[in-house]
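Please read these numbers as outputs of a predicted model, since none were measured by experiment.
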Amino acid sequence: MTRRDYYEILGVSTDASEEAIKRAYRRVAMENHPDRNPNDPGAEERFKEASEAYSVLRDGDLRARYDRFGHAGLGQGAGAGGFQDFDLADALRAFMRDFGGFEDFFGAAPRRQRRPQGPLRGSDVQMRMRVTLEEVASGVEKTIRVKLYQRCESCDGNGSKSGERTPCPRCDGQGEVRRAQRSIFGQFVSIEPCSDCHGEGQVVNDPCSDCSGNGRVREDRRIKVRIPAGVETGNYLTLRGEGNAGPRGGPLGDLIVVLEVRPHERFHRDGDDVRMELALSFPMAALGAEVEVPTLHGAATLEIPAGTQTGTILTLPGEGLPRLNSDRRGDQRVRVAVWVPTRLTAAEREQLEAFSESENFAPPEGEKGFWRKVKETFTT
């Protein structure tokens, strides 16, 4: 099912301030609160939708990931659906967190009791990886070393020596606590995750000595990463289940590898094409030649036509970079510069002086096209 854009749901622009987002959410949530619309079955869904959007956009990190990657970048729940487990209880808690317990203000209690959320999911880990242009041209598999939280082997991630956990006495196993406060508007109730069990509803009475009851330990891991050909700086790879383990048996987070392509000393990338400069001697440019030039895939032969001028761009088809997830390849474009020698023997000088008297060696005069080309060559 297609998910609506969070900014559209709240009716704000993508550059809206945090305060503007909060005001917009309060308006939409008040209009669609289930207790205000008992005869409108669609109000509950609109209320949940607005609360989900607000929960993401109020959080700076989540908002940045959503702005860049959309729903797929939120990394919570399976697949690209984003916050798949966001239900009415989550929506009510999000609403009451910032605006108080409006279920009592409206004269009604919550529709259903919140179940303990269970073990928390491990956090995602983001890291940068640098690759060379040659690796971009062919694709590469690399092994990275990263320090991650992993399931404790001593207690099998349970956190308890005996493997047993008991209901949290503070929240009676509910995973959340309610706080009531009276005001001139009535009684306001806020619901928060229990700070003793962190919303899990269970506590460890005999913590494992190796992980101190957390169910996980921090260790180095080596992970193989397959980088496809054609990637660019800013592309990222999401390795599902390769992030931090959750506490006390919680599911694994993801590892997000953000790629950065190193500058090349000879080649310059231009989309799928690569560009390079090639110096030619005057005789080669005047007479024409076949020269061997480097490419990202090895050496290739380049045909130099007779009379080639400085600034001429010659093309080696298919010697550029592959397009990501495609069979197409770019070209290699070679810009020629005729090299002028700085040291001449007496014999060479005598020969050049003789050539200089020939009209063929005089540059054209009065042809704007020639000078325009020269200007374009040195300004691009």
Q) Any sub-3.5 Å donor-acceptor pair from D254's side-chain atoms to G241's backbone N or O? A) yes
(Q) Quick check on E18: does its CD atom have over 12 non-hydrogen neighbours (other residues, nucleotides or ligands) under 6.0 Å away? (A) no
Q | Side-chain donor-acceptor pair present, D15, Y7, cut-off under 3.5 Å | A | no
Q) Taking atom types as modelled, is there a side-chain donor on D5 or Y66 under 3.5 Å from an acceptor on the other? A) yes
Q: Check for a donor-acceptor pair, side chain of N37 on one end and backbone N or O of E31 on the other, with a separation under 3.5 Å.
A: yes
Q: Taking the side chain as every heavy atom from C-beta outward, state whether L237 and P228 have any atom pair closer than 4.5 Å.
A: yes
(Q) Count I, L, V, M, F, W, Y as connected when their side-chain heavy atoms are under 4.5 Å apart, and connections chain through other members. Are V125 and V258 then in the same cluster? (A) no
Q) With no hydrogens and no angle check, is any side-chain donor or acceptor of D210 less than 3.5 Å from a backbone partner on C152? A) no
Q) Which is it for L148 and I223 under the side chain to side chain contact (heavy atoms under 4.5 Å, CB included) test, yes or no, and what are the steps along the way? A) CA-CA 11 Å; L148 297 169; I223 301 172; 4.1 Å; yes
Q: Evaluate the side-chain proximity of R65 to D124: yes if any heavy-atom separation is below 4.5 Å, no if none is.
A: yes
Q | Same apolar cluster (I L V M F W Y, side chains within < 4.5 Å links), I256/M129 | A | no
Q | R218, CZ: over 12 other non-hydrogen atoms inside 6.0 angstrom | A | yes
Q) Checking side chain to side chain contact (heavy atoms under 4.5 Å, CB included) for the pair I9/E52: CA distance, chi angles, key distance, verdict? A) CA-CA 10 Å; I9 292 170; E52 177 182 330; over 6 Å; no
Q.
For a quick test of reading the model, state the closest non-hydrogen atom pair linking A20 to V12 and the distance between them.
A. O-CG1, 4.2 Å
(Q) Applying salt bridge (charged side-chain N to carboxylate O under 4.0 Å, His left out) as the test, list every pair that has at least one member in residues 132-145; sequence neighbours left out. (A) E135-K142, R145-D220
Q. Distance from C171 atom SG to E200 atom CD, nearest 0.5 Å?
A. 10.0 Å
Q) Is the backbone of P305 close enough, under 3.5 Å, to the side chain of T308 for a donor and an acceptor to pair up by distance? A) yes
Q. Do I304 and L314 come within less than 4.5 Å of each other through their side chains, counting heavy atoms only?
A. yes
Q | Side-chain heavy-atom pair R151, R216 within 4.5 angstrom cut-off | A | no
(Q) Between D270 and R333, does any side-chain N to carboxylate O distance fall below 4.0 Å? (A) no
Q | Residue pair L324 / G230: nearest heavy atoms and the distance that separates them | A | CB-O, 3.9 Å
Q: Measure from the side-chain N and O atoms of T295 to the backbone N and O of H297, and report whether any donor-acceptor pair falls under 3.5 Å.
A: yes
Q: Might you point out which heavy atoms bring P193 and V177 nearest each other, and give the distance in Å?
A: O-CG2, 4.5 Å
Q | Distance, nearest 0.5 Å, that separates CZ of R222 from NZ of K224 | A | 11.5 Å
(Q) If hydrophobic clusters are built by linking Ile, Leu, Val, Met, Phe, Trp and Tyr wherever their side-chain heavy atoms come under 4.5 Å apart, do L120 and Y149 end up in the same one? (A) no
Q | E19 with K22: basic N within carboxylate O range, under 4.0 Å | A | no
Q: Locate the shortest heavy-atom distance separating S195 from R170; write the atom from each residue and the value.
A: OG-NH1, 2.6 Å
**Q.** Any L278 side-chain heavy atom under 4.5 Å of L302 side chain
**A.** yes
Q) So, D331 and T315: side-chain donor and acceptor under 3.5 Å apart, yes or no? A) no
Q) Between T310 (side chain) and V338 (backbone), is there a donor-acceptor pair under 3.5 Å? A) yes
**Q.** Closest heavy-atom pair and its distance - S154, C208
**A.** CB-SG, 3.9 Å
Q: State plainly whether one hydrophobic cluster holds both V140 and L133, where clusters connect Ile, Leu, Val, Met, Phe, Trp and Tyr through side-chain heavy atoms under 4.5 angstrom apart.
A: yes
Q.
Are more than 12 heavy atoms, taken from residues, nucleotides or ligands other than R226, located less than 6.0 Å from that residue's CZ atom?
A. yes
(Q) Once salt bridge (charged side-chain N to carboxylate O under 4.0 Å, His left out) is applied, what residue pairs with a partner in residues 342-353 remain, sequence neighbours excluded? (A) none
Q) Do the ring planes of Y54 and Y25 sit parallel (below 30°), tilted (30 to 60°) or perpendicular (above 60°)? A) parallel
Q: Identify whether I313 and L296 are in the same connected component of the hydrophobic contact network (ILVMFWY, side-chain heavy atoms under 4.5 Å).
A: no
Q: Applying side chain to side chain contact (heavy atoms under 4.5 Å, CB included), run through Q332 and F267 and close with a yes or a no.
A: CA-CA 9 Å; Q332 179 166 318; F267 299 107; 3.7 Å; yes
Q.
So which atom in Q202 and which in C197 form the shortest heavy-atom distance, rounded to 0.1 Å?
A. O-CB, 3.4 Å
Q: Identify whether the distance between the nearest side-chain nitrogen and carboxylate oxygen of R221 and E242 falls below 4.0 Å.
A: yes
Q: May I ask you to check whether over 12 heavy atoms, not counting those of E153, lie within 6.0 Å of atom CD?
A: no
**Q.** Donor-acceptor under 3.5 Å (R46 side chain, N32 main chain)
**A.** no
